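These notes are about the structure you will find just below.
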Protein chains: 2
Amino acid sequence: MARTKGDHEARRRDVSEAVWRVLSAHGFGGLTMRAVAAELGATTGLLTHYFATKRDLVAYALDLLDRRTAEGRRPYEGEGLAALRAALRDALPLTAEATTSNRIWVSSWDTALADPALGADHAARYATGRDRLTTLVAAAQLHGDLPPGDPADIATAAQSFTLGLTIQALLAPTAFPPSRQTRLLDDYVASLTTG
Amino acid sequence: MARTKGDHEARRRDVSEAVWRVLSAHGFGGLTMRAVAAELGATTGLLTHYFATKRDLVAYALDLLDRRTAEGRRPYEGEGLAALRAALRDALPLTAEATTSNRIWVSSWDTALADPALGADHAARYATGRDRLTTLVAAAQLHGDLPPGDPADIATAAQSFTLGLTIQALLAPTAFPPSRQTRLLDDYVASLTTG
DNA sequence: CCATTCACACAACAACTGTTATGACTATTA
DNA sequence: TAATAGTCATAACAGTTGTTGTGTGAATGG
């Protein structure tokens with residue numbers, strides 16, 4: 001059975017959500033054509049129309065992960081140092097949704113490191129994330145909240161700290177409840193002010 | 001053909017190195033029975049004698065990764081803050097060997113997060129790593145190099161920073177040459193002294 | 001010296017993977 | 001209205017995976 005143009009765009013959204021559900025349940029390691037098709041209640045014949053090859057599906061999933069993460073970020077929160085802290089806090093697995101999202105990120109690294117082209121795309125995504133933090137750092141410096149210093153280096157260090165804390169929290173959830181994560185983050189942000 | 005007891009222990013070392021070579025080349029995602037057997041110049045019938053099931057092979061590989069990483073660590077380097085910095089520096093992908101080792105670690109997370117039992121073992125390994133850093137932090141405090149504060153929290157923050165920097169360096173090697181990694185680490189360690 | 005046990009090769013299995021070919025059905029266009 | 005193009009199901013393919021069973025030859029122990 002064919003579909004109208006409106007139905008087709010609705011189908012595209014269905015495909016996106018099916019990919020997301022598979023990623024949430026099994027990560028990138030469990031991202032298979034048949035798993036997505038089954039989650040969609042369809043067969044692989046449908047998927048071949050949207051993704052000619054497996055690589056296309058993986059590339060789409062990588063991009064979907066990036067977009068879904070961006071959507072989950074709150075737009076603006078305070079200014080100066082408060083905005084930087086809010087941005088870093090948004091990256092931590094403090095909620096159930098953020099936990100699954102971060103789990104998918106971790107599983108994506110194995111896939112990205114195996115394929116140079118996909119890895120380059122992934123690296124570019126992290127670079128834009130660092131740029132976003134860099135502007136927040138520069139704004140905080142202008143605001144007088146942070147001492148002088150290369151904003152890019154400070155942003156990179158902050159992203160490193162957040163990234164590493166995320167991994168440890170994912171591997172040991174009981175040892176890193178949200179309260180401890182926020183406390184560690186607040187301590188780190190506080191240490192930035194004393195240059 | 002059978003083997004003597006001495007040959008059998010040599011064979012055990014051969015199996016270990018075959019597993020390691022497979023991990024180095026393809027990560028945990030490419031760790032298959034046949035790949036290890038082929039690397040060994042043997043068939044899967046040999047492996048079933050050492051690993052009854054795939055899970056056993058994965059668990060062994062996880063433990064092997066931990067032991068190989070521990071062997072790569074230099075025993076003692078300075079005291080006080082210098083020892084802490086040396087320990088953190090050993091964790092970064094500054095050399096080719098450290099890079100492949102860290103790449104394997106990243107690929108292991110996908111596997112570990114998928115299996116709760118394996119994930120618990122992995123979390124325990126990171127916990128002992130944090131304990132090791134905690135004692136170094138406490139020693140540095142006694143030495144007068146670090147201001148007072150919970151040594152466990154400081155060690156956890158330091159491990160988070162190192163872990164996150166490692167990931168960014170693996171994804172973007174050109175943006176994070178060894179010189180920049182060490183500079184960022186030195187800046188971080190320096191920030192610890194001004195409590 | 002003979003029986004047992006060990007260490008392995010070889011082969012096959014069922015399940016799963018990505019990919020492709022074929023055909024049917026519907027919407028669009030001429 | 002007739003022809004075309006788009007949208008999907010169905011089925012099959014070749015390859016890879018973990019696992020299992022059978023057989024064989026050498027070392028070991030009584």
Side-chain angles (χ1 to χ4, degrees), chain A residues 1-19 21-23 25-62 64 107-108 110-112 114-115 117-118, chain B residues 1-19 21-23 25-62 64 107-108 110-112 114-115 117-118:
Chain A
M1 51 181 166
R3 286 167 175 276
T4 76
K5 188 174 287 182
D7 281 346
H8 183 246
E9 297 192 353
R11 196 54 142 164
R12 270 197 169 274
R13 279 195 297 272
D14 289 349
V15 171
S16 278
E17 296 208 5
V19 171
R21 277 196 299 268
V22 171
L23 287 179
H26 308 104
F28 270 85
L31 181 67
T32 70
M33 297 272 190
R34 281 178 173 81
V36 176
E39 196 72 35
L40 209 75
T43 65
T44 62
L46 185 153
L47 276 190
T48 59
H49 200 78
Y50 291 84
F51 311 108
T53 177
K54 170 73 180 288
R55 253 190 68 109
D56 295 341
L57 171 62
V58 172
Y60 177 83
L62 248 31
L64 178 65
S107 75
S108 77
D110 191 21
T111 307
D115 190 312
L118 296 179
Chain B
M1 50 180 168
R3 287 167 175 274
T4 77
K5 187 174 288 181
D7 281 345
H8 183 247
E9 297 191 353
R11 194 55 141 169
R12 270 198 169 275
R13 279 195 297 272
D14 289 347
V15 171
S16 278
E17 296 208 6
V19 171
R21 277 195 300 269
V22 171
L23 287 179
H26 311 292
F28 270 85
L31 180 66
T32 69
M33 296 273 192
R34 279 177 175 79
V36 176
E39 196 72 37
L40 208 71
T43 64
T44 62
L46 184 155
L47 276 190
T48 58
H49 200 79
Y50 292 85
F51 311 108
T53 176
K54 170 77 179 286
R55 251 190 70 111
D56 294 341
L57 171 62
V58 172
Y60 177 83
L62 248 31
L64 179 65
S107 74
S108 77
D110 190 21
T111 306
D115 190 311
L118 297 179

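Note that the structure is a prediction, hence the values are computed from the model and not measured. Note on naming: letters A, B, ... go to the chains in the order of the sequence lines (proteins, then strands), and numbering restarts at 1 for each one.
Listed pair T32(A) / dT17(C) meets the phosphate criterion, a side-chain N or O lying under 4.0 Å from OP1 or OP2. Within the structure, a side-chain polar atom (N or O) of R11(B) is placed less than 4.0 Å from OP1 or OP2 of dC8(C). Considering only side-chain N and O atoms, T53(A) lies under 4.0 angstrom from the phosphate OP1 or OP2 of dT19(C).
To the nearest angstrom, C1' of dA7(C) lies 13 Å from CG of L40(B). Rounding to whole angstrom units, CG of residue L31(B) and P of dG18(D) are separated by 8 Å. Between the OH atom of Y50(A) and the P atom of dT7(D) there is a distance of 7 Å, given to the nearest Å. Between the C1' atom of dT19(C) and the NE2 atom of H49(A) lies a distance of 16 Å, rounded to the nearest Å. The interatomic distance linking R34(B) (CZ) with dG18(D) (P) rounds to 7 Å, in whole Å. L57(A) has its CG atom 10 Å from the P atom of dT19(C), to the nearest Å. As a whole-Å value, the separation of M33(B) CE from dC13(C) P is 20 Å. In this structure, the NE2 atom of H26(A) is 14 Å from the C1' atom of dC16(C), given to the nearest Å.
Among dT19(D), dT20(D), dA9(D), the nucleotide with an atom closest to any side-chain atom of K54(B) is dT19(D).
Checked options E17(A), R12(A), R11(A); the residue passing with D14(A) is R11(A) (criterion: side-chain contact (heavy atoms from CB on, under 4.5 Å)).
Checking R55(A) against A42(B), the closest nucleotide of DNA chain C that is more toward the 5' end is the one next to A42(B).
Side chains of Y50(B) and L57(B) form no contact here, defined as non-hydrogen atoms less than 4.5 Å apart.
Checked by atom type and distance alone, the side chain of T111(A) never pairs as donor or acceptor with a backbone atom of F28(A) at under 3.5 Å. Checked by atom type and distance alone, the side chain of T53(B) never pairs as donor or acceptor with a backbone atom of D56(B) at under 3.5 Å.
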